K.L.:
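Below are the structure tokens for one structure; questions will follow.
First listed ligand is number 1; within each ligand, the first listed atom is number 1. We number each residue from 1, following the sequence as shown. Everything quoted here is computed from the prediction, not taken from an experiment. Just so you know, these numbers use all the heavy atoms, side chains as well, and skip hydrogens, waters and symmetry mates.
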Amino acid sequence: MGTKTGRHFLQIPGPTNVPDRILRAMSRPTIDHRGPEFGRMAREVIEGLQKVLKTSGAVVIYPSSGTGAWEAALVNTLSPGDKVLMFETGHFATLWKNMAARLGLAVDFVPGDWRHGVDPEIVEAKLAEDKGRAIKAVAMVHNETSTGVTSRVAEVRIGVDRTGHPALLMVDTISSLASIDYRHDEWGVDVTVGCSQKGLMLPPGLGLNAVSEKALAASTSARLGRSYWDWEPMIKDSKAGFFPYTPATNLLYGLREAIRMLVEEGLENVFARHDRHAEATRRAVQAWGLDLVCQNPAEYSSSLTAVMMPDGHDADALRKVILERFDLSLGTGLGKLKGRAFRIGHLGDFNDLMLAGTLSGVEMGLAIAGVPSSRGGVAAALDFLSSK
Ligand SMILES: *Cc1c(COP(=O)(O)O)cnc(C)c1O
């Protein structure tokens with residue numbers, strides 16, 4: 001590999017490209033996190049996150065990865081042995097399930113084929129069957145980043161409501177927040193889990209929870225051990241813009257800038273931009289003659305596209321060629337899709353020409369790696385992008 005010139009293309013579905021505006025906002029002196037300037041900044045950030053999450057309730061921000069925010073959701077609301085309903089939509093759903101089991105929860109893990117989202121009818125049937133109200137929480141991943149499948153949270157909520165079941169609804173919105181429409185309050189979500197390095201366009205390092213009144217009430221009797229993740233001191237101190245322990249000050253500068261950028265563009269426009277890039281990408285995949293991992297058009301993800309490799313061809317060998325030749329990083333196949341699929345991230349700070357460059361790298365890589373496929377994917381995407 002020779003010397004690298006020009007920009008690296010970071011097209012994994014998180015961490016995403018961090019815009020220069022955010023990098024500049026973060027490159028400021030770290031201030032006293034107990035002083036007045038910090039308090040004003042943190043309050044602006046929390047109010048901004050409420051807009052992005054579409055909630056008027058509490059938002060808790062941790063110096064953590066998304067995995068930490070998963071743990072916070074569980075340990076603040078549940079007790080040892082509590083039954084939790086979860087769904088095998090892919091790798092991230094499986095990891096969250098494993099965590100719940102390790103924490104001592106009794107998980108009913110509904111099997112899945114990694115090509116479909118959560119089936120709202122199954123949720124409804126499972127809750128309707130649960131006459132003794134043993135299930136304490138339903139936990140799902142909104143956008144399954146390993147498969148490019150977006151589950152229909154609003155429909156799940158309707159199914160839950162029809163049963164009158166009191167289970168909490170928890171949703172991982174890590175790779176959908178600020179990329180795909182998400183409504184914490186309207187969809188009656190009790191705990192939303194998010195983090196910084198995907199649609200929020202920040203480096204890794206912030207995890208977050210949005211918390212409903214019902215989840216707060218559950219936290220007063222939840223008995224799983226918790227200390228670092230405890231919502232109570234976080235929520236109490238956050239009213240004045242403070243944290244019980246040292247926050248990630250410079251990431252919060254970045255988050256403030258990210259929220260300003262999202263508000264300037266308008267969330268609806270942000271979502272439409274992601275939908276458009278996802279559609280262009282799918283047209284390219286179709287022209288190449290390759291299959292999407294996602295098999296239900298109603299569940300196509302707008303933040304990433306996962307592509308199946310033809311039998312006998314290794315996705316990681318293709319990714320290696322593309323990285324070495326074109327300095328373009330694509331997402332690897334995770335878990336059961338290891339070697340069998342690759343993922344194109346098109347979320348966050350992104351535009352038409354970045355997508356055109358990304359798809360060009362994939363199309364050339366397919367040819368160089370000898371993967372049976374047609375040309376014309378880039379042309380199909382450009383036709384779509386220039387038609388409106
Ligand atoms: C990235 C991701 C996670 C894990 O987040 P980390 O920051 O790596 O802990 C969890 N769920 C989904 C859907 C993700 O995309």
K.L.:
Can you list every salt bridge (Lys or Arg N to Asp or Glu O under 4.0 Å) pair that touches residues 186-206, not counting sequence neighbours?
P.N.:
R183-E186

K.L.:
Same cluster for L251 and I61 if Ile/Leu/Val/Met/Phe/Trp/Tyr side chains link at under 4.5 Å?
P.N.:
yes

K.L.:
Nearest to atom 15 (O) of ligand 1, what protein heavy atom do you find, and at what distance?
P.N.:
T145 OG1, 2.4 Å

K.L.:
Distance-only, no hydrogens or angles: does the S146 side chain make a donor-acceptor pair with backbone N or O of H91 under 3.5 Å?
P.N.:
yes

K.L.:
Check for a donor-acceptor pair, side chain of E363 on one end and backbone N or O of G377 on the other, with a separation under 3.5 Å.
P.N.:
yes

K.L.:
Looking only at protein heavy atoms, which one is nearest to atom 4 (C) of ligand 1, and what is the separation?
P.N.:
F92 CE2, 3.9 Å

K.L.:
Just which atoms of ligand 1 are under 4.0 Å from any heavy atom in V141?
P.N.:
13 (C)

K.L.:
If hydrophobic clusters are built from ILVMFWY residues whose side chains come within less than 4.5 Å, do M86 and W114 share one?
P.N.:
no

K.L.:
Which of these, S301, S151, S176, S179, sits in a side-chain hydrogen bond (donor to acceptor under 3.5 Å, both in side chains) with N143?
P.N.:
S301

K.L.:
What atoms of ligand 1 come closer than 4.0 angstrom to any heavy atom of S175?
P.N.:
15 (O)

K.L.:
Assess whether a salt bridge exists between K126 and E121, defined as any Lys/Arg side-chain N lying under 4.0 Å from an Asp/Glu carboxylate O.
P.N.:
no

K.L.:
Going by the order shown, which atoms of ligand 1 are within less than 4.0 Å of some heavy atom of W70?
P.N.:
10 (C), 11 (N)

K.L.:
Quick one: which ligand 1 atoms are inside 4.0 Å of a heavy atom on N143?
P.N.:
13 (C)

K.L.:
Strictly below 4.0 Å, N to O, side chains only: are E37 and R28 in salt-bridge contact?
P.N.:
yes

K.L.:
With atoms numbered from 1 as shown, which atoms in ligand 1 lie under 4.0 angstrom from a non-hydrogen atom of S65?
P.N.:
6 (P), 7 (O), 9 (O)

K.L.:
Nearest protein heavy atom to atom 9 (O) of ligand 1, by residue and atom, and its distance?
P.N.:
T67 OG1, 2.5 Å

K.L.:
Starting from atom 8 (O) of ligand 1, locate the nearest protein heavy atom and write down its residue, its atom name and how far away it is, to 0.1 Å.
P.N.:
Q197 NE2, 4.0 Å

K.L.:
Considering only the protein, which heavy-atom contact is closest to atom 2 (C) of ligand 1, and what is its distance?
P.N.:
K198 NZ, 2.6 Å

K.L.:
Going only through I, L, V, M, F, W and Y residues with side-chain contacts under 4.5 Å, is there a path from I259 to Y253?
P.N.:
yes

K.L.:
Could you identify the single nearest non-hydrogen protein atom to atom 6 (P) of ligand 1 and state the distance to 0.1 Å?
P.N.:
G66 N, 3.4 Å

K.L.:
Check contact between H142 and ligand 1, using heavy atoms of the residue and a distance below 4.0 angstrom.
P.N.:
no

K.L.:
List the closest protein heavy-atom neighbour of atom 12 (C) of ligand 1: residue, atom name, distance to the nearest 0.1 Å.
P.N.:
D172 OD2, 3.4 Å

